[in-house]
Amino acid sequence: MTTQPPWSLPKQQPEEPVLYVYNSLTRTKTKFVPTNERHVKWYNCGPTVYDASHLGHARNYVTQDILRRVMTDYFGYDVHFVMNITDIDDKIISRARQNHLIENFRSESNALTPELVDTVFEAWTIHVRDKVNKGLPSDQKVVEGSEEASWPKLSVLIQNAEWKQECLKRDEKFDMHFTAANRCLLAIRNARDQIQSGIKSVDEAHNLIDESKDILARTLDAKYKSTVTDPNISRSLASYWETKFFEDMARLNVREPDTVTRVTEFIPEIVDFIKRIMDNGFAYESEGSVYFNTIKFDNADDHNYAKLEPWSKGNRELLEDGEGSLANKTGRRSASDFALWKASKPGEPSWPSFWGPGRPGWHIECSVMASAIFGDNMDIHSGGIDLAFPHHDNEMAQSEAYHNCRAWVNYFWHTGHLHIEGLKMSKSLKNFITIDASCAGTGEILRKYTARQLRLAFLTQLWNAKVDFSESLMTGEVRNIEITMNNFFTVVKALVNQHRSDAIKSDGFHHYEALEQDLTKSFYEAQSAFRSALSDSFDTPVALNALRELVSKTNIYINSRGKHLNVALVENIARWVGQMLRMFGLGEGEKVELGWGQADQGAGNINREEVLTPYLRALSSFRDGVRQLAIAKNDTALKDILALCDKLRDVDLVPLGVALDDQDDGKALVKLVPPAELIKARDEKRAQQDAKASKKAASIEEERRKRIAKLEKGRTPPQDMFRNCPGYGSLDDEGIPRTDAEGQELSKNQAKKVQKQWQEQEKLHKAYLEWQKTLSP
RNA sequence: GAUCAUAUAGCUCAGUGGUUAGAGCUUCCUAGUGCAAUUGGGAUGGUCCCAGGUUCAAACCCUGGUAUGGUCACCA
């Protein structure tokens, strides 16, 4: 024979799953097809940098980071991930200007004077009339001149929860405005007292200004707005918060984008872009501003406006009727038209353009920057769900008007919003949580939870669903997963170490019997389940469950197999589980290590003496104890030795991060854990046990009462349950009501309901009779 | 006010008109140990929001009500 026998291509059975992802353009899961091989062009809407990042940002960027990691590290796409930074916009400008004005005002006020108090008081009255009034009922509105006089009355009214609720209905920020006003007024009164008693210090002046900052900023801004002309003021605010943003992202283990684009770096491109949209006939100029013509665009044959949320477009047009002349006032031809270029008012940062000095509108930046990097088409555009309309719809309209194309974006992925304990997060609801501890806020999330726990919380929810961030989610499910994984990896690592130290390469057995076959099968199944979950629109909750189930099965195997454990198989499983967790971005510590790593502060440079001494001291003192017992030859020696063993395990080794688990063969499994983690676990457990013990008697009694109450409910046989029961009239043979108290026949639903209740009672009664039998022999 | 959701176990939620409505967590019990521990096994727990209707059959479909939440062009 000189030729090889024929070979045939194997058939994949079952076939591997194909990636489908929920796409906002269809509001269904659509098959993911990149236009160019496995290259993926991905543009993500980044933050507007004017304030500290909050938990909502964390939700969005961590979730997108998860999707990005799955796409690159699991599915193996070559992703080019671009994110923009909005570093110029109305909010940045006004925030920077107000900060600047307050700063100036503060440094110019070098004594507490009646004039200063008057200025603050005037600002306070304006705040009360403009802001607090919004929430007040029309007959209780504060009129000019009577602000301070009406305050005592309002302070009493706000104690009334019902009244306050009504105000919040009228204006959801009422509480916030009221609190600010109250704080400010207290500071004003305090200042007056100080002046009375002759105190005029700078500190008191500054204190007054700090306490009334927000209120004062508004009036200062109204007065001196146009005097602030230095563009560096808003630029430095933006760059400050941009740095903070990336620091927060780094703490959250979010990968940096491949490309970061900033609006202020793309102004000439933006101007040219707008020019071409005008040339294509979809924009018009009015008093130095340029607007996009949504009506004309929507009416064009090959274009549609508001592809993502066409229903919102309808709302907008309805609203236009209500607003009437507003459209004319701002120079727009239709209320749905939006600004591409805004003429700058005096004091506002501006750039030259064909239409005079101005700055870009909000939506145009993303169109221009994405086009500059990706050209006339991209695979994925992502962002928070709240951006879908109008931002992304406007973006698409602009870009399609510019490129003269039908589809600028192929897939829109919108991440779901975050709620706190069932409510949306907002400053006015006072449940606002920032990411980093260094910024002021009601809460700082990284002080309370780790980046890993936060990411796990998001992984247990679908990326495009609403997340409810709650204490119970974090301390329940998340902590649970974390503990399960940590314990699993610790045990496997210890097993692997033990196995290596036994040093025999083979004991003459293959260790691949039915139990190992089963476990291997579970391993394969978990891998398949994991892949199909992620292919099904990144279903991370299901994927995580596949990992947890595999861990549970492996635990069962470890505990049932005893000495003849196939360590290699267990190690492979642990390695894969660890890799998948790291793939999600949950990794800590060294990558080569089995598992997902465990953060261990203070584990830096290794110094042999420092490392070994505490362990040797523990060992040595244990030896001392055993020796003394042996020398003393007491009757209780055996018991005392065991007590020493317990002390070594439960007291001395815990802070050293060593846990000992006894095994069948009499040799303990030595587990190495970060000490902090071990101490935490011990304390949590103790607290739980204490809590249980303290309420045990009460809860047992409670349980018993509940059980008996339920059984007692079955005392009445079903035939009698409706007798003498108000609300029902005549009964049939079995005691089921036919008519109500007035003799009217029961409605169908009613009849069905009593039937159901009757059957329920029959069951209860049966249980009751059984119970009675056990009571009387 | 307009509009859209949601309402199922103590909590978070699955549930496709058709057996006795499910899961995870919590709680309780339990195995393993000299004592612990990782871990395992089991049990408890339901007026499917209320009222009517459609259907042979409703947690599921329809109508009305109630409650909660979101959105209403600043938003991640």
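Labels below follow one simple rule: chain letters A, B, ... track the order of the sequence lines, proteins then strands, and each chain is numbered from 1.
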Candidate pair A:R59 and A:F458, rule side chain to side chain contact (heavy atoms under 4.5 Å, CB included), full reasoning: CA-CA 7 Å; A:R59 155 59 169 169; A:F458 297 143; 3.9 Å; yes

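- Looking at heavy atoms from C-beta onward, A:S53 lies out of side-chain contact with A:W241 at the 4.5 angstrom threshold.
- By the 4.5 Å heavy-atom criterion applied to side chains, A:H54 and A:H57 are counted as neighbours.
- Note on A:K91: a base of the nucleic acid sits closer than 4.0 angstrom, heavy atoms only.
- Among the protein residues, A:K671 comes within range of the sugar-phosphate backbone only, with heavy atoms under 4.0 Å from sugar or phosphate atoms but none that close to a base.
- The side chain of A:K424 contributes an N or O atom lying less than 4.0 Å from OP1 or OP2 of B:U71.
- Within 4.0 Å (heavy atoms only), A:Q757 reaches no atom of the nucleic acid at all.
- Side-chain contact between A:R170 and A:P137: present, with at least one pair of heavy atoms (C-beta onward) separated by less than 4.5 Å.
- Ring pair A:F81/A:W42 is perpendicular by interplanar angle, where above 60° counts as perpendicular and below 30° as parallel.
- Annotation: proximity of residues 759-766 of chain A to RNA chain B (heavy atom, distance under 4.0 Å) is found for no residue.
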List, one per line, each side-chain donor-acceptor pair under 3.5 Å for residues 546-553 of chain A, sequence neighbours excluded.
none

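- With hydrogens and angles ignored, no donor-acceptor pair closer than 3.5 Å exists between the side chain of A:N555 and the base of B:G40.
- One finds no side-chain N or O of A:S552 lying less than 4.0 angstrom from the OP1 or OP2 phosphate oxygen of B:U39.
- The nearest whole Å value for the distance from the CG atom in A:L746 to the C1' atom in B:G53 is 16 Å.
- In this structure, CG of A:N559 is placed 11 Å from P of B:U38, rounded to the nearest angstrom.
- Residue side chain A:H417 fails the stacking definition with respect to B:G70, as its ring centre and the base's six-membered ring centre are not both under 5.5 angstrom apart and under 30 degrees in plane angle.
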Intra- and inter-strand pairs of RNA chain B in dot-bracket (Watson-Crick or G-U wobble, both distances under 3.5 Å; | for another strand): (((((((..((((....[...)))).(((((.......))))).....(((((..]....))))))))))))....

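- In this structure, A:Y50 atom OH and B:C74 atom P are separated by 12 Å, rounded to whole Å.
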With the criterion being N/O to N/O and under 3.5 Å, what pairs connect the protein with nucleotides 42-45 of chain B, and how long is each?
{"residue": "B:G45", "atom": "OP1", "partner": "A:K710", "partner atom": "NZ", "Å": "2.9"}

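- With P as the reference atom, B:G69 and B:U12 are 14 Å apart, rounded to whole Å.
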Salt bridge (Lys or Arg N to Asp or Glu O under 4.0 Å) evaluation trace for A:E684 with A:R479: CA-CA 11 Å; A:E684 271 175 17; A:R479 187 75 188 122; 3.3 Å; yes

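- For A:S138, there are no side-chain contact (heavy atoms from CB on, under 4.5 Å) partners two or more places apart in sequence or in a different chain.
- Between B:U38 and B:U20, the two C1' atoms lie 37 Å apart (nearest whole Å).
- A:V673 pairs with exactly one of A:K493, A:K680, A:Q598 by the side chain to side chain contact (heavy atoms under 4.5 Å, CB included) rule, that one being A:Q598.
- Taking the six-membered ring where the residue is Trp, A:Y22 and A:W463 present perpendicular rings, their angle passing 60° and hence far from 30°.
- Residue A:L418 is classed as a base contact, given a heavy-atom separation below 4.0 Å to a base.
- Side-chain atoms of A:E365 and A:N84 form a donor-acceptor pair, as typed in the model, at a separation below 3.5 Å.
- Between the side chains of A:T294 and A:D298, no donor N or O sits under 3.5 Å from an acceptor N or O.
- Considering only residues two or more places apart in sequence or on other chains, A:D536 meets the side-chain contact (heavy atoms from CB on, under 4.5 Å) condition with A:K29, A:D539.
- Judged by atom type and distance alone, A:R59 does not reach the base of B:A76 through any side-chain donor-acceptor pair under 3.5 Å.
- A donor-acceptor contact closer than 3.5 angstrom is absent between the side chains of A:H499 and A:E571.
- Listed for the A:R455 side chain is a donor-acceptor partner under 3.5 Å among the backbone atoms of A:L252.
- Nucleotides B:A14 and B:G32 have their C1' atoms positioned 34 Å apart, rounded to a whole Å.
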Could you list the donor-acceptor pairs under 3.5 angstrom formed between side-chain atoms of residues 757-764 of chain A and any protein atom two or more places apart in sequence or on another chain?
{"residue": "A:W758", "atom": "NE1", "partner": "A:P718", "partner atom": "O", "Å": "3.1"}
{"residue": "A:W758", "atom": "NE1", "partner": "A:E734", "partner atom": "O", "Å": "3.1"}
{"residue": "A:Q761", "atom": "NE2", "partner": "A:K713", "partner atom": "O", "Å": "2.9"}
{"residue": "A:Q761", "atom": "NE2", "partner": "A:T716", "partner atom": "O", "Å": "2.8"}

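- Across the protein-nucleic acid pair, A:K553 atom NZ and B:U38 atom P stand 23 Å apart, rounded to whole Å.
- In the region residues 659-668 of chain A, proximity to RNA chain B at under 4.0 angstrom, judged on heavy atoms, holds for A:L660, A:D661, A:D662.
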Check nucleotides 22-26 of chain B against the protein and report each pair of N or O atoms closer than 3.5 Å, with its distance, or say if there are none.
{"residue": "B:C25", "atom": "O3'", "partner": "A:N480", "partner atom": "ND2", "Å": "3.4"}

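- B:G53 sits 30 Å from B:G70 when the C1' atoms are compared, rounded to a whole Å.
- For the side-chain hydrogen bond (donor to acceptor under 3.5 Å, both in side chains) test, no residue two or more places apart in sequence or in another chain qualifies with A:H419.
- A:N486 places its CG atom 18 Å from the P atom of B:A37, with the value rounded to the nearest Å.
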Derivation and outcome, side chain to side chain contact (heavy atoms under 4.5 Å, CB included), residues A:L515 and A:R561: CA-CA 8 Å; A:L515 282 175; A:R561 205 61 172 119; 3.4 Å; yes

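- Atoms CG (A:D640) and C1' (B:C35) sit 14 Å apart, rounded to a whole Å.
- Using the six-membered ring where Trp is involved, A:Y61 and A:F245 have ring planes that are perpendicular, over 60° apart on the 30 and 60° scheme.
- At a threshold of 4.0 angstrom between heavy atoms, the contacts of A:Q689 are confined to the sugar-phosphate backbone, with no base atom among them.
- Projected onto RNA chain B by closest heavy-atom contact, A:S472 and A:I556 fall at different nucleotides, the more 5' of which corresponds to A:S472.
- Rounded to a whole Å, the CZ atom of A:R649 is 9 Å from the P atom of B:A36.
- Side-chain contact between A:L456 and A:L544: present, with at least one pair of heavy atoms (C-beta onward) separated by less than 4.5 Å.
- When the C1' atom of B:C49 is taken as reference, atom NZ of A:K753 falls 10 Å away, rounded to whole Å.
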Please output the side-chain donor-acceptor pairs of residues 646-661 of chain A that fall under 3.5 Å, not counting sequence neighbours, one pair per line with the distance.
{"residue": "A:K647", "atom": "NZ", "partner": "A:D652", "partner atom": "OD2", "Å": "3.2"}
{"residue": "A:D661", "atom": "OD2", "partner": "A:K671", "partner atom": "NZ", "Å": "2.9"}

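- At the phosphate of B:G70, neither OP1 nor OP2 sits under 4.0 Å from any side-chain N or O atom of A:K466.
- Looking at heavy-atom distances under 4.0 Å, A:N749 makes contact with a base.
- Using a 4.0 Å heavy-atom distance criterion, A:L642 is classed as a base contact.
- Comparing the C1' positions of B:G41 and B:A59 gives a spacing of 32 Å, expressed to the nearest Å.
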Between the protein and nucleotides 13-16 of chain B, list every N/O to N/O distance that falls short of 3.5 Å.
none

